[in-house]
Number of protein chains: 2
Amino acid sequence: MKKHLTRATKDYLKAIYALSVNGLSASTNDLAKRLNIAAASVTGMIKRLAQTNPPLVDYRKHHGVTLTPTGEQAALEIIRHHRLLETYLHDSLGFSWDEVHEEAERLEHVISEKFEARIDKVLGHPTHDPHGDPIPDLNLVMPQKASTRLSTLRPPQEAIIERVNDEDGNLLRYLQEKSLVPGSKLKIRAHSPFDGNLTLEINGEEIILGPAVTHHIFIKEA
Amino acid sequence: MKKHLTRATKDYLKAIYALSVNGLSASTNDLAKRLNIAAASVTGMIKRLAQTNPPLVDYRKHHGVTLTPTGEQAALEIIRHHRLLETYLHDSLGFSWDEVHEEAERLEHVISEKFEARIDKVLGHPTHDPHGDPIPDLNLVMPQKASTRLSTLRPPQEAIIERVNDEDGNLLRYLQEKSLVPGSKLKIRAHSPFDGNLTLEINGEEIILGPAVTHHIFIKEA
DNA sequence: ATACACTTTTAGCCTAACCTAAATTTTATT
DNA sequence: AATAAAATTTAGGTTAGGCTAAAAGTGTAT
């Protein structure tokens with residue numbers, strides 16, 4: 001019996017998934033901020049999610065929520081939709097990488113399994129979306145995500161960009177202009193302990209980035 | 001100021017458009033049947049649609065509804081989305097013509113103008129969807145629709161199928177099997193005044209169709 | 001240990017869109 | 001023209017998912 005989840009429910013599950021990185025539980029406040037909803041509304045909704053059958057989340061008052069296995073499967077299904085769609089919009093329909101997130105955010109809730117299968121096939125079963133985020137496979141297994149932030153590197157380290165945060169279109173446009181895209185190789189030249197600025201070399205050019213940028217770029221050591 | 005219309009609102013506008021063929025107004029009952037909703041709910045919703053600013057429908061108690069120009073534009077925008085999507089799903093993603101309606105029904109509400117423009121371009125600005133229904137152009141002008149039903153023909157008339165009703169997947173699968181698709185040429189061989197059956201020749205073969213089928217096929221004279 | 005600042009929950013309200021049952025209006029039939 | 005049948009509207013209720021304001025819990029710093 002496959003339940004129909006509402007759009008709001010799916011949005012909560014995705015948000016809880018995103019905020020539960022290291023087995024931590026997601027707090028009411030953080031969820032409220034991420035979803036642009038009042039904290040009180042989040043409390044109410046979480047209670048409902050905890051009382052579905054089967055329950056989608058585990059909830060203890062004042063101690064945040066985590067996903068149950070059922071809830072996590074549902075979240076992964078939506079994330080798979082989202083990232084396949086981003087890839088499809090980018091690769092097959094010519095959307096720029098700063099446009100795909102918003103469009104996928106709406107489409108992910110309504111596409112059928114058939115649609116998912118078709119674009120997955122057309123794309124040749126991609127493993128990463130245009131921002132470098134891994135796409136859960138058909139069995140909804142999420143590959144490991146790069147978690148080292150560029151902001152943590154110090155000279156003279158080198159690295160390759162693996163992925164970037166996909167939620168801020170302005171940031172993405174800026175990154176693209178500077179070739180700060182997945183796959184790019186870079187060297188750290190200097191670090192300012194005062195403002196956290198990093199001077200780095202990329203494509204033979206030298207650029208200086210503040211923490212507001214470097215915090216959103218994830219790398220693997222070269 | 002472009003208003004955001006809810007999904008329910010869009011569904012009502014589409015249904016009213018479909019039922020208002022000859023300048024007639026759509027009745028509460030017919031809307032209820034088409035939308036699978038209780039008649040009382042339709043009355044309530046229609047009242048709300050008539051009180052938006054600008055109003056989307058004209059409503060007189062006990063006399064049905066018609067779309068205002070604003071409402072009609074909105075309906076045509078959705079229908080354009082729907083038919084472009086059907087065409088895209090069919091031509092570019094390999095959906096069969098009996099599957100596209102259901103999928104488009106969900107997608108039509110969430111795609112952006114950008115998405116619309118992209119698939120329109122990829123398809124080469126198509127004028128008809130896979131069932132032969134005309135696609136409103138960018139200015140939302142709806143081309144004339146064929147309105148002669150196959151059921152009205154008598155021997156020895158000949159005709160070409162222009163479009164078929166797209167809502168019943170089972171019917172569509174049957175029609176495809178018999179090559180009863182837009183563009184096919186056929187000749188009427190016989191008509192039974194008792195049961196309305198038509199005997200016709202298509203592709204050199206002779207087949208007999210009842211009114212439940214011929215009523216849903218629209219033709220132009222050959 | 002007390003006090004203040006956050007965070008979270010409770011309580012009470014709201015809206016969109018549905019529902020059923022009962023009342024009313026329109027239409028069709030004699 | 002009266003009445004029966006059908007269509008429509010009213011009245012009152014439900015659910016999901018929001019909101020604000022106030023209460024209560026948690027944590028931190030003195």
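The model shown is predicted, which means the values in this text are computed figures rather than measured ones. So that the names make sense, note that chain A is the first sequence line, chain B the second, and so on, each numbered from 1.
- The shortest distance between the side-chain N/O atoms of Ser27(B) and the OP1/OP2 oxygens of dA7(D) is not below 4.0 Å.
- At whole-Å resolution of the value, CG in Leu5(A) and C1' in dT15(D) are 17 Å apart.
- For Thr28(B), the side-chain atoms get nearest to dT9(D) when compared with the rest of dA16(C), dT8(C), dT9(D).
- The closest donor-acceptor contact from the side chain of His128(B) to the backbone of Ile135(B) lies at 3.5 Å or more, if one exists at all.
- Both tests do not hold together for Arg149(B) against Phe218(B): distance to the six-membered ring centre under 6.0 Å, angle to the ring axis within 45°.
- A sub-4.0 Å separation between OP1 or OP2 of dT10(C) and a side-chain N or O of Lys61(A) is present.
- Rounded to a whole Å, the CZ atom of Arg7(B) is 18 Å from the C1' atom of dG17(D).
- Between Glu108(A) and Lys14(A) a salt bridge is recorded (basic side-chain N to carboxylate O distance below 4.0 Å).
- Taking 4.0 angstrom as the limit, Asn29(A) places none of its side-chain polar atoms (N or O) nearer than this to OP1 or OP2 of dC6(C).
- Tyr12(B) has a side-chain polar atom (N or O) that falls below the 4.0 Å cut-off from OP1 or OP2 of dC18(C).
- The nearest whole Å value for the distance from the NE2 atom in His62(A) to the P atom in dA24(D) is 11 Å.
- Ion pairing between Glu99(A) and Lys114(B) holds under the 4.0 Å rule for side-chain N and carboxylate O.
- For the pair Leu19(B) CG and dA7(D) P, the interatomic distance rounds to 15 Å; values are reported in whole Å.
- Contact annotation: Tyr59(B) side-chain N/O to dT9(D) OP1/OP2 distance is under 4.0 Å.
- Each of dG18(D), dT8(C), dA16(C) was ranked by its minimum atom distance to the side chain of Ala8(A); first place goes to dG18(D).
- For Arg34(A) and Asp30(A), the salt-bridge test fails: no basic side-chain N is under 4.0 Å from an acidic carboxylate O.
- In this entry the distance linking CG of Asp11(A) with C1' of dA16(D) reads 14 Å, nearest Å.
- Between the C1' atom of dA7(D) and the CZ atom of Arg34(B) lies a distance of 19 Å, rounded to the nearest Å.
- Taking atom CG of residue Leu35(B) and atom P of nucleotide dA17(C), one finds them 12 Å apart after rounding to whole Å.
- Partners of Asp98(B) according to the side chain to side chain donor-acceptor pair (under 3.5 Å) rule, which considers only residues two or more places apart in sequence or in another chain, are Ser96(B), Arg173(B).
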Inset, instruction - Report the C-alpha distance between His101(A) and His131(A) in whole Å, list the side-chain angles of each, state the deciding distance to 0.1 Å, and finish with yes or no for ring-ring contact (aromatic ring centres under 6.0 Å, His included). - result: CA-CA 10 Å; His101(A) 178 73; His131(A) 316 101; 7.3 Å; no
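- A heavy-atom distance below 4.0 Å to DNA chain D is reached by these residues of residues 40-51 of chain B, ordered by number: Ala40(B), Thr43(B), Lys47(B).
- Between Asp30(B) atom CG and dA7(D) atom C1' the separation is 10 Å, expressed in whole Å.
- Nearest nucleotide to the Ile37(B) side chain, out of dT26(D), dA16(C), dC19(C): dC19(C).
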